[in-house]
Amino acid sequence: MKAISNSAEATEEIGFKIGRKLKTGNIVRLYGDLGAGKTTMVKGIARALGIDRKDITSASFTIITEYPGNPPFFHIDLYRTSGGVDLDSTGIWDCIGAQSISVIEWADHAEGELPEDSLKVTISDLGNDVRDITIEGKNEKDWDHL
Ligand SMILES: Nc1ncnc2c1ncn2[C@@H]1O[C@H](COP(=O)(O)OP(=O)(O)OP(=O)(O)O)[C@@H](O)[C@H]1O
Ligand SMILES: [Mg+2]
């Protein structure tokens, strides 16, 4: 599905609606340039999973943040894995998968290595506060209506 967001709050709300539909084992790939609104969306996803939105940050040297729970939630930011950082050395393979829910910012830095049946969310900055948001899942119908 596609949506237009006119504010950070609206993007967070779309994240919340995505988060409500996530199940254990789901992985969300987030695509979009610097400042597109990826972390903003993660705040909404996390809130739907019972995590305080204020706990979701974009610390510059943290690749993986774990929020313990049942299931655990992993916020992964691959921004600094460009330029030849070995993905295997980040430990992400011990985090994402059947036992957790994960969201991955800058998923393009792991292109071809992440499960293709994961949810793909692309955010494009159309200028000012406007963002174009595309949500693509394996079962397309599941995402027609958030
Ligand atoms: N419609 C919108 N959706 C999301 N963010 C918006 C929107 N309009 C304005 N913004 C602003 O754009 C910025 C988005 O920052 P955010 O950290 O979420 O982006 P990001 O994609 O995670 O960036 P980075 O690549 O650095 O991780 C925030 O300052 C937010 O307030
Ligand atoms: Mg970010």
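Positions are given from 1 along the sequence. We count ligands from 1, going down the list as the structure has it; atoms in each ligand are counted the same way.
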Side chain to side chain donor-acceptor pair (under 3.5 Å) evaluation trace for Arg131 with Thr11
CA-CA 8 Å; Arg131 304 290 190 271; Thr11 297; over 6 Å; no
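- Under a 3.5 Å cut-off, the side chain of Asp77 and the backbone N or O of Tyr79 do form a donor-acceptor pair.
- Looking at Lys38, its side chain does come within 3.5 Å of a backbone N or O of Gly32 through a donor-acceptor pair.
- Using modelled atom types, no side-chain atom of Lys17 and backbone atom of Leu146 make a donor-acceptor pair closer than 3.5 Å.
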Check ligand 1 for N or O atoms under 3.5 Å from a protein N or O and list each pair with its distance.
from	atom 1	to	atom 2	distance (Å)
ligand 1	1 (N)	Ser5	OG	3.0
ligand 1	1 (N)	Ser7	N	3.2
ligand 1	1 (N)	Ser7	O	3.1
ligand 1	1 (N)	Asp129	O	2.7
ligand 1	3 (N)	Thr11	OG1	2.6
ligand 1	8 (N)	Asp129	O	3.3
ligand 1	10 (N)	Arg131	NH2	3.3
ligand 1	12 (O)	Arg131	NH2	3.2
ligand 1	18 (O)	Thr39	N	3.4
ligand 1	18 (O)	Thr40	N	2.9
ligand 1	18 (O)	Thr40	OG1	2.6
ligand 1	19 (O)	Gly37	N	3.1
ligand 1	21 (O)	Ala36	N	3.2
ligand 1	21 (O)	Gly37	N	2.9
ligand 1	21 (O)	Lys38	N	2.8
ligand 1	21 (O)	Lys38	NZ	2.7
ligand 1	22 (O)	Lys38	N	3.4
ligand 1	22 (O)	Thr39	N	2.8
ligand 1	22 (O)	Thr39	OG1	2.9
ligand 1	22 (O)	Glu105	OE1	3.2
ligand 1	23 (O)	Gly35	N	3.0
ligand 1	25 (O)	Lys38	NZ	2.8
ligand 1	25 (O)	Trp106	NE1	3.3
ligand 1	27 (O)	Glu105	OE1	3.2

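- Listed by first then second residue, pairs satisfying side-chain hydrogen bond (donor to acceptor under 3.5 Å, both in side chains) with a partner in residues 96-106 read Thr39-Glu105, His75-Glu105, not counting sequence neighbours.
- Checked for salt-bridge contact, Glu12 and Arg47 meet the test: a charged N lies under 4.0 Å from a carboxylate O.
- Inside a sphere of radius 2.8 Å centred on the Mg ion (ligand 2), the protein N/O/S atoms present are Thr39 OG1, Glu105 OE1.
- Between Glu136 and Lys2 there is no salt bridge, since no side-chain nitrogen of the basic residue lies less than 4.0 Å from a carboxylate oxygen of the acidic one.
- Under the rule for a salt bridge (charged side-chain N to carboxylate O under 4.0 Å, His left out), Lys23 has no partner lying at least two apart in sequence or in another chain.
- With hydrogens and angles ignored, the 3.5 Å screen pairs no side-chain donor or acceptor of Lys120 with any backbone N or O of Tyr31.
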